[in-house]
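One structure is given below, encoded as structure tokens.
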2 protein chains.
Amino acid sequence: MALHSITTQRRRLADEVYDQLVQAIMDREIGPDDRLVQEKLAAELDISRTPVREALLRLEKEGVLHLANSGGFRLAKISEEETLELYQARAAIEGQAARILTARNDPEELERLRVLIRQTEDLKDPTTRDYFIANRTIHRAFMEAAGNRFLLEMFDMIWGRAMAFHLFAAIENADISKSLGNHIELVDVIATGDRGAALEAFTDHIQEGFELHLTGIRRSA
Amino acid sequence: MALHSITTQRRRLADEVYDQLVQAIMDREIGPDDRLVQEKLAAELDISRTPVREALLRLEKEGVLHLANSGGFRLAKISEEETLELYQARAAIEGQAARILTARNDPEELERLRVLIRQTEDLKDPTTRDYFIANRTIHRAFMEAAGNRFLLEMFDMIWGRAMAFHLFAAIENADISKSLGNHIELVDVIATGDRGAALEAFTDHIQEGFELHLTGIRRSA
DNA sequence: CTCGTGGATACTGTATACAGTATTCAGCCT
DNA sequence: AGGCTGAATACTGTATACAGTATCCACGAG
């Protein structure tokens with residue numbers, strides 16, 4: 001039999017709405033002042049309120065949206081304090097992935113990472129968003145290589161939220177190129193087999209990102 | 001004016017259903033063979049399907065339930081492999097919290113932790129579940145003290161899932177008392193101010209838990 | 001008896017209808 | 001004019017109705 005099973009892939013309308021909302025937030029089509037109302041969205045998408053409601057509640061539970069006091073949902077704001085906490089969480093998650101990769105000691109896997117990094121860092125005339133995506137792609141590759149689904153899930157949660165918070169809009173003014181050049185070094189540290197060093201390298205890398213982020217905020221203020 | 005604002009606390013039926021389901025899972029009233037069907041549950045709770053559906057989908061998204069192929073939801077199973085990943089994730093999250101606490105160096109906070117630990121460890125004739133709850137209470141206190149809401153959120157996710165997986169049923173046979181005696185030492189390590197040591201202590205503590213867990217599994221097999 | 005077929009059944013997903021509540025605004029009273 | 005009051009409005013939350021699809025079972029053909 002040459003036919004393949006049709007992976008019917010249980011796609012719900014709510015998922016579609018969710019994805020569209022996330023996309024719209026990333027594309028800055030939804031700003032902090034917009035009010036998202038179930039009925040309005042449903043009318044606009046020409047579907048019923050039920051799946052819209054489901055998507056909105058999901059985004060609320062994820063901390064991306066919160067109920068406005070006058071009804072409707074708004075983008076959640078993030079403070080400088082919370083930004084620090086987000087980076088601390090990143091360090092925990094990604095540092096652990098680095099430890100795991102170091103312990104595993106799989107040279108082929110590391111080589112694959114090197115190739116991907118070189119490909120991904122090769123941006124011509126990148127915008128802030130290109131930078132954000134490239135950076136996430138690279139970091140996510142480390143996580144996938146570590147092969148821990150819970151850590152990966154948390155990674156996605158953190159970066160998803162960063163996206164939603166328009167966290168990287170603030171880096172607009174910062175020196176982007178500075179931040180995208182040292183990922184190969186991370187692989188090198190992992191290759192040495194020193195777990196503590198690998199963790200430190202990742203922590204430092206993320207810390208640098210945080211400082212770059214802060215200078216971005218301060219410069220734009 | 002002596003009146004306080006009534007915090008109307010937007011409690012949805014879906015939240016209620018969610019809590020009841022979680023409780024029922026913890027109490028082993030819902031087992032791996034039970035099929036949770038929206039209509040049945042709604043009838044039983046005497047409410048409509050809508051909030052029931054919402055709660056079920058939430059639990060599905062959290063990885064606690066998954067759709068049975070013949071309709072309805074079932075408890076998700078966890079493999080030994082996944083169990084390891086769960087403990088690795090714990091180590092990442094709680095280890096980072098330990099680092100933060102160490103860096104903060106707040107003796108009063110540590111003293112509060114010591115008091116709580118002594119109170120919580122003082123169990124008379126504990127069941128496995130008592131142990132689970134006490135252990136979680138103590139570990140959660142460290143997380144709260146660290147004061148990072150994202151790490152705390154992930155902690156809750158991990159432990160919630162552990163609960164759902166009936167992860168600790170396997171410890172039934174293991175030596176419980178062995179595992180609940182060394183939390184004060186964790187505080188002591190934090191108090192030394194050595195961040196690396198604090199992280200290692202937590203990692204080791206969690207690793208021990210994992211091994212205890214495995215012996216529990218193997219003994220009951 | 002076995003296998004295939006058709007229909008009943010059991011569920012989910014989506015739409016719509018209904019109810020309750022907070023917010024807003026216009027009109028009245030002072 | 002300013003502030004209180006009450007109705008209209010704008011939303012959400014919940015219930016119910018409808019549609020589609022996968023599963024299961026019984027029946028008939030080979």
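At whole-Å resolution of the value, CG in L13(B) and P in dT16(D) are 12 Å apart. Taking atom CG of L67(B) as the reference point, atom P of dT21(D) lies 17 Å away to the nearest angstrom. Rounded to a whole Å, the CZ atom of R11(B) is 17 Å from the C1' atom of dT12(D). The distance from atom CZ of F73(A) to atom C1' of dA10(D) is 15 Å, rounded to the nearest whole Å. Between the CG atom of L41(A) and the C1' atom of dT14(C) there is a distance of 17 Å, rounded to whole Å.
Contact annotation: the side chain of L36(A) never approaches that of L75(A) to less than 4.5 Å [non-hydrogen atoms, C-beta and beyond].
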At a cut-off of 3.5 Å, list every protein nitrogen or oxygen paired with a nitrogen or oxygen from nucleotides 6-11 of chain C, distance to 0.1 Å.
from	atom 1	to	atom 2	distance (Å)
dC11(C)	OP1	R35(B)	NH2	2.8

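When the side chain to side chain contact (heavy atoms under 4.5 Å, CB included) test is applied to R112(B), the partners found at least two apart in sequence or on another chain are E108(B), E109(B). Residues that satisfy the side chain to side chain contact (heavy atoms under 4.5 Å, CB included) test with E44(A), not counting sequence neighbours, are absent from this structure. Scored by the salt bridge (Lys or Arg N to Asp or Glu O under 4.0 Å) test, E16(B) finds R11(B) as partners (sequence neighbours excluded). In this structure, the ring pair (Phe, Tyr, Trp, His ring centres under 6.0 Å) partners of F142(A), at least two apart in sequence or on a different chain, are F202(A). F210(A) meets the ring pair (Phe, Tyr, Trp, His ring centres under 6.0 Å) test with Y87(A); sequence neighbours excluded. In terms of the side chain to side chain contact (heavy atoms under 4.5 Å, CB included) criterion, A43(A) has no residue partners (sequence neighbours excluded).
Sorted by residue number, the members of residues 45-64 of chain A with any non-hydrogen atom under 4.0 Å from DNA chain D read R49(A), R53(A).
Applying the salt bridge (Lys or Arg N to Asp or Glu O under 4.0 Å) test to residues at least two apart or on different chains, the pairs with a partner in residues 130-142 of chain B are R140(B)-E144(B), R140(B)-D156(B).
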